[in-house]
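What follows is a set of notes on a single structure, which appears directly below.
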Amino acid sequence: MLQLQAIRDRKDEIIKALKKRNIDAAPLVQNVLELDEKRRSTQTKLDNTLAEANKLSKEIGLFFKAGKAQEANVLKEKTGTLKEDSKRLGDDLNTVADELQAILYQIPNVPHQSVPAGNTDEDNEEVFKEGEIPTLNTDALPHWDLAKKYDIIDFELGVKITGAGFPVYKGKGARLQRALISYFLDKNTEAGYTEMQVPHLVNEASGFGTGQLPDKEGQMYHVGEDDLYLIPTAEVPVTNLFRDEILSEKDFPVCYTAYTPCFRREAGSYGAHVRGLNRLHQFDKVEIVRVEHPENSYKALDGMVEHVKTILRELKLPYRILRLCGGDLGFTAALTYDFEVFSTAQDRWLEISSVSNFETYQANRLKLRYKDENGKNQVAHTLNGSALALPRVLAGILENYQTKEGIQIPEVLVPYCGFDKID
RNA sequence: GGAGAAAUGGCAGAGUGGUCGAAUGCACUAGUCUUGAAAACUAGCGAGGGUCACACCUCCGGGGGUUCGAAUCCCUCUUUCUCCGCCA
């Protein structure tokens, strides 16, 4: 969530920037400022009441010690109203603080100045494009047909044991998945990211920390018995490693990578575009996460983008990079670059990575801070990106690398697969 | 799952009703000394709110209660440890 201090200091600027998301934040911001004012005045009243009560208590103690029970009892009677007052003020304070919190949760992150205005993915700005789009035979197949033809992914079997959106990878398909995971992790660790293995279920506090809760509750699978959530991305457990932490400046940059399966309910998704691997309830992803000094976070973001580029180059997949417009930008992000691979057989772009800077938005919720050169605690910046999400990379490989003789394996993956062709 | 013990600052660890946000040690930061480092010495050193700055307020696992007053007493939840059971 946004920092209260920032809203106080830069109210108009924030309202203006949020217009790029096509929302009029003015009423919410106004509400925040009023509640903040109320909160502080209530707090002051409560503090004064408590201060007086503390003072009286000390005096009473001294009287008792001196054996002056009479005087002590006189003072005791005075504490009654103070107690009532502080109880009432405490309740008021909680109510106001909760209201304030609830409204702060409703305000999305302020878009970076480079974010283009716009409503839908049509308005995203293409900033880079690379790679040759292969010319395929006229009988080229989309990946779901290829998966069947070569018996490497079984969607029906997944339906049988779990449900739609839970594919079963078989034989060389399974091996290719494992190869991709290893390859991505190797690339990321070579680039300086430390590999982590983290839990695939998280508690409620973690969901709040990275912003999945409270607004995207319906998108996560929830285990009611234990009140845990299946992670929708490794971003959640990895970023939450730093919840309630105070780093020192020399800890930067923090660079982590983790492979996890990701679970998403995808409530409300349907249609032709969700066929095959395009949209799943469970999929694999290798994530990169960084915690940065505010001054370096955009440089870090550029570095992450460059890093993802090198992977796609090695895989020789045609891709483009989009700068997301305000309307398409995630709730918690300040700036996001989406990577899309062109699927020739489907004749469309598939999103395979999303790299974002959250600035202080997540860190503020997480209470992720660092000590600056003056010894003051400051909120850090968090970033993350996919490097990469497997299913659509797999789709891209299957579709773009298909030949009459079978599916070629990209050269860099051959050592990881142990074969160079699926036929 | 059963029985018992525990939860205090970055870590270790005192503190069982009042002057305790909390002794002490370690770690850390700055300074003195040193060619430099170490050692020694000196000082500082939790977080949040509030204030121009002070004052002041809150926090001793979470929540609730008793009391004029709670780290300390009571209830409850969570977690950790030990023993037993089960087990990849």
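The sequence lines fix the lettering, A, B, ..., with proteins before strands; numbering per chain opens at 1.
Ring geometry for A/Y183 against A/Y416 counts as perpendicular: the plane angle is over 60°, on a 0 to 90° scale with 30° as the lower cut. By the 30° and 60° cut-offs, the orientation of the rings of A/Y298 relative to A/H112 is tilted.
Distance check on atom C1': B/rG65 versus B/rA14 gives 28 Å, rounded to whole Å. Spacing between B/rG63 and B/rC41 at atom C1', rounded to whole Å, works out to 47 Å. Comparing the same atom, P, in B/rU67 and in B/rC57 gives a spacing of 23 Å after rounding to whole Å. Comparing B/rA6 with B/rA12, their C1' atoms sit 16 Å apart, to the nearest whole Å. Using C1' as the reference atom, B/rC59 and B/rC20 are 13 Å apart when rounded to the nearest Å. Rounded to a whole angstrom, the distance from the C1' atom of B/rC45 to that of B/rU24 is 15 Å. Atom P of B/rA47 sits at a distance of 15 Å from the matching atom of B/rC54, rounded to the whole Å. B/rA37 and B/rA55 are spaced 36 Å apart, taking the P atom of each and rounding to whole Å.
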In a table with atom names and distances, give each donor-acceptor pair under 3.5 Å that connects a side chain of residues 82-89 of chain A to protein atoms at least two apart or in another chain.
| from | atom 1 | to | atom 2 | distance (Å) |
| --- | --- | --- | --- | --- |
| A/S86 | OG | A/L82 | O | 3.1 |
| A/S86 | OG | A/K83 | O | 3.0 |
| A/K87 | NZ | A/D91 | OD2 | 3.3 |

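For B/rG17, there is no paired nucleotide, since no Watson-Crick or G-U wobble pair has both relevant distances below 3.5 Å. Judged by Watson-Crick or G-U wobble contacts below 3.5 Å, the nucleotide B/rA70 has no partner. Look at B/rU29: its Watson-Crick or wobble partner, with both distances under 3.5 angstrom, is B/rA43. Using N1 to N3 plus N6-O4 or O6-N4 for Watson-Crick, or N1-O2 and O6-N3 for G-U wobble, each under 3.5 Å, B/rG9 pairs with nothing. Nucleotide B/rA3 is matched to B/rU82 when pairs are restricted to Watson-Crick or G-U wobble geometry with both distances under 3.5 angstrom. Nucleotide B/rA37 is matched to nothing when pairs are restricted to Watson-Crick or G-U wobble geometry with both distances under 3.5 angstrom.
The distance between atom CG of A/N94 and atom C1' of B/rG64, rounded to the nearest whole Å, is 13 Å. Separating the CG atom of A/D91 from the P atom of B/rU58 is a distance of 16 Å, rounded to the nearest angstrom. Summarising the geometry, the separation between CD1 on A/I60 and P on B/rC68 is reported as 8 Å, rounded to the nearest angstrom. As a whole-Å value, the separation of A/E245 CD from B/rA47 C1' is 13 Å. Between A/D227 atom CG and B/rU79 atom P there is a gap of 12 Å when expressed in whole angstrom units. Remark: P of B/rG18 and CG of A/L56 are 19 Å apart, rounded to the nearest angstrom. B/rA47 atom C1' lies 15 Å from atom CG of A/L368, rounded to whole Å. The nearest whole Å value for the distance from the CG atom in A/N364 to the P atom in B/rA47 is 17 Å.
Looking at which nucleotide of RNA chain B each of A/K250 and A/L46 is closest to, the 5′-most match is held by A/K250. Along RNA chain B, the nucleotide nearest to A/G375 and the one nearest to A/L62 differ in position, and the one closer to the 5' end is contacted by A/L62.
In this structure, of B/rC68, B/rA47, B/rU58, it is B/rA47 that holds the atom nearest to the side chain of A/K371.
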Find every protein N or O atom lying less than 3.5 Å from an N or O atom of nucleotides 48-51 of chain B, and list the pairs.
| from | atom 1 | to | atom 2 | distance (Å) |
| --- | --- | --- | --- | --- |
| B/rG48 | OP1 | A/R369 | NH1 | 3.0 |
| B/rG49 | O3' | A/R39 | NH2 | 2.9 |
| B/rG49 | O2' | A/R39 | NH2 | 3.3 |
| B/rG49 | N2 | A/D47 | OD2 | 3.2 |
| B/rG50 | OP1 | A/R8 | NH2 | 3.2 |
| B/rG50 | OP1 | A/R39 | NH2 | 3.4 |

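Residues meeting the side-chain contact (heavy atoms from CB on, under 4.5 Å) test with A/K172, sequence neighbours left out: A/I152, A/F419, A/I422, A/D423. Remark: A/Q30 engages A/K11, A/E34 in a side-chain contact (heavy atoms from CB on, under 4.5 Å) (not counting sequence neighbours).
Between A/L2 and A/Y361, the closest side-chain pair of non-hydrogen atoms falls below 4.5 Å. Side-chain atoms of A/M220 and A/L213, non-hydrogen and from C-beta on, do get closer than 4.5 Å to each other.
Side-chain contact annotation: A/Q362 with A/T382, donor-acceptor N/O pair under 3.5 Å present. Checking A/Q177 against A/D284 by side-chain atom types alone, a donor-acceptor pair falls below 3.5 Å. Checking A/N48 against A/E52 by side-chain atom types alone, no donor-acceptor pair falls below 3.5 Å.
Using a 4.0 Å cutoff on non-hydrogen atoms, the parts of residues 77-86 of chain A near RNA chain B are A/T79, A/K83, ordered by number.
Distances shown here put every side-chain N or O of A/N54 at or beyond 4.0 Å from the OP1 or OP2 atom of B/rG69.
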Per-nucleotide protein contact along nucleotides 70-78 of chain B, 5' to 3', at a 4.0 Å heavy-atom cut-off (B base, S sugar-phosphate only, - neither), is ---------
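Rounded to the nearest 0.5 Å, atoms CG (A/N31) and CD (A/E99) are 7.5 Å apart.
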Just do the side chain to side chain donor-acceptor pair (under 3.5 Å) check on A/Y105 and A/R365 with the steps written out, would you?
-> CA-CA 10 Å; A/Y105 276 142; A/R365 284 195 189 191; 5.2 Å; no
Intermediate values then yes/no, side chain to side chain donor-acceptor pair (under 3.5 Å), A/N240 and A/R243 = CA-CA 5 Å; A/N240 270 282; A/R243 175 150 45 86; 2.8 Å; yes
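Residue A/L75 is classed as having no contact, given no heavy-atom separation below 4.0 Å to the nucleic acid.
A salt bridge links A/R39 and A/D36; the closest N-O separation between the charged side-chain nitrogens and carboxylate oxygens is under 4.0 Å.
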